[in-house]
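In what follows, a single structure is set out as structure tokens and then discussed.
Numbers restart at 1 for each chain; the letters A, B, ... are given by sequence-line order, proteins then strands.
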Protein chains: 2
Amino acid sequence: MLSNASKYAIRSILYLATNSSEDHKISVKVIAEDLETPQSFLAKLLQQLTTNKLVSSAKGPHGGFYLSAKNRKKSLWDIIKCIDGGEKFNQCFLGLSECNDVNPCPAHAIVSPFKKQILENFRDKTIGQYADESLEKGTYLTLKELEI
Amino acid sequence: MLSNASKYAIRSILYLATNSSEDHKISVKVIAEDLETPQSFLAKLLQQLTTNKLVSSAKGPHGGFYLSAKNRKKSLWDIIKCIDGGEKFNQCFLGLSECNDVNPCPAHAIVSPFKKQILENFRDKTIGQYADESLEKGTYLTLKELEI
DNA sequence: TCTAAAGTATGATTTTTATCATATATTTCA
DNA sequence: TGAAATATATGATAAAAATCATACTTTAGA
Ligand code: FES
Ligand code: FES
């Protein structure tokens, strides 16, 4: 579904949402280590996200990445659009041009309601809300913290 | 979600399910033209599917591919397993090792029910049933037949 | 004011996926 | 029995995605 790039981007941003603040910026190095993602790839991604105002950054010592209040108002969907492009959810599951109710493919009936629901969720919920819920529910972002 | 390979494979098989029979085999050439997929790529895929008993074939003039009664008992899930491997549905949406309810990622709550239901549908319904439903409901497999 | 710690910019490489191409083996039918 | 139609087998190439690397810029703090 999503590219690695998008997955890393989402995880980084949710990570920043719970762990960073304007007073506590986090460097790519640390993010990459915690999330166990390739560092330079992540650096590139974070640049792109910064350019698109999805995350904030500061150079120099004690610099790093963090989420501003505005950044927290963005959605998962904004991230996906930024990295993978906005077509992710209107593509047909079987690769048949566009996905719509007029020309449904055989998988449409089962797949489509879910796509709609997920898209809605990703579009309507803010990063901030996601982060808050994560804290409540105790979800996981890194492999390290998994209970295995 | 699925690779092009899997998409082509599924579409070919559903196509064969409604258009072919032991008495009416169809050549790669025709399948590829109708589905508008790259011919040699499809040829390779059909070979793999044949090897794995998901489709049947015969060489020589009037040869081609078709679905036997047994082939029709297979599921979409069998196709996906054959082409993309069986991990497609237990991977975490955010790339966090495995997807399970014990160590949910932040997207798990919204994504997981969907994955479960689709997997179930893909596993439990046979190709034959899919084809029958398609005829009833009038779904589409090729770009050509789309109402645009 | 210098140095080190960050991000920024850009391009090279590797890996995976998708696609193209070509030679071989069977089989029907004239 | 031989030519044509088909699948089969295998390898080459191209395109896309992921990863690695390197040089540059800014800034805090000694
Ligand atoms: S048309 Fe194929 S998933 Fe909607
Ligand atoms: S754990 Fe991430 S989708 Fe289930």
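Contact annotation: A:Ser57 reaches the phosphate of C:dT8 (side-chain N/O to OP1 or OP2, under 4.0 Å). A close approach under 4.0 Å does occur between a side-chain nitrogen or oxygen of A:Tyr8 and OP1 or OP2 of D:dT19. Proximity of A:His62 to the phosphate of D:dG29: a side-chain N or O atom is located under 4.0 Å from OP1 or OP2.
Within 4.0 Å of A:Ser27, counting heavy atoms only, lie sugar-phosphate atoms of the nucleic acid but no base atom. Note on A:Ser3: only backbone sugar-phosphate atoms sit closer than 4.0 angstrom, heavy atoms only; bases stay farther off. Heavy atoms of B:Leu45 sit nowhere under 4.0 angstrom from any nucleic acid atom. In this structure, A:Ala43 reaches neither bases nor backbone, as no heavy-atom distance under 4.0 Å exists between it and the strands shown. A:Gly60 comes within contact range of at least one nucleobase, with a heavy-atom separation under 4.0 Å. Heavy atoms of A:Ile83 sit nowhere under 4.0 angstrom from any nucleic acid atom.
In terms of modelled atom types and a separation under 3.5 Å, the side chain of B:Asn121 and the main chain of A:Ile110 share no donor-acceptor contact. The backbone N or O of B:Gly85 sits nowhere less than 3.5 Å from a side-chain atom of B:Lys88 that would complete a donor-acceptor pair.
Annotation for B:Gln91: atom CD counts as buried by contact number, over 12 foreign heavy atoms lying within 6.0 Å. The number of heavy atoms from other shown groups lying within 6.0 Å of CD (B:Gln129) is above 12.
For the pair A:Ser6 and A:Lys59, both in contact range of DNA chain D, the more 5′-proximal nearest nucleotide belongs to A:Ser6. For B:Pro38 and A:Gly64, each mapped to the nucleotide of DNA chain C holding its nearest heavy atom, the one lying further toward the 5' end belongs to A:Gly64.
Nucleotide C:dA9 holds its P atom 13 Å from the CG atom of A:Leu49, rounded to whole Å. Separating the CD atom of B:Gln48 from the P atom of D:dT10 is a distance of 13 Å, rounded to the nearest angstrom. Rounded to whole Å, atom P of C:dC20 lies 11 Å from atom NZ of B:Lys44. Protein atom CZ of A:Phe65 is 17 Å distant from nucleotide atom P of C:dA5, rounded to whole Å. Rounded to an integer number of Å, the gap from A:Tyr66 OH to C:dA6 C1' is 14 Å. Between the CD atom of B:Gln39 and the C1' atom of C:dA21 there is a distance of 11 Å, given to the nearest Å. Per the geometry, CG belonging to B:Asn4 stands 15 Å off C1' belonging to C:dC20, to the nearest Å. What separates CZ of A:Phe41 from C1' of D:dC20 is a distance of 11 Å, to the nearest Å.
Residue B:Ala5 has its side chain nearest to C:dA18 when only D:dA4, C:dC20, C:dA18 are considered. Among the nucleotides D:dA21, C:dT28, D:dT8, the one closest to the side chain of B:Pro61 is C:dT28.
Between the side chains of A:His24 and A:Asn19, no donor N or O sits under 3.5 Å from an acceptor N or O. Side chains of B:Thr126 and B:Ser75: a donor-acceptor N/O pair is absent below 3.5 angstrom, by distance only.
Counting distance only, with no hydrogens placed and no angle test, the side-chain atoms of A:Gln47 and the base atoms of C:dA9 include a donor-acceptor pair under 3.5 Å.
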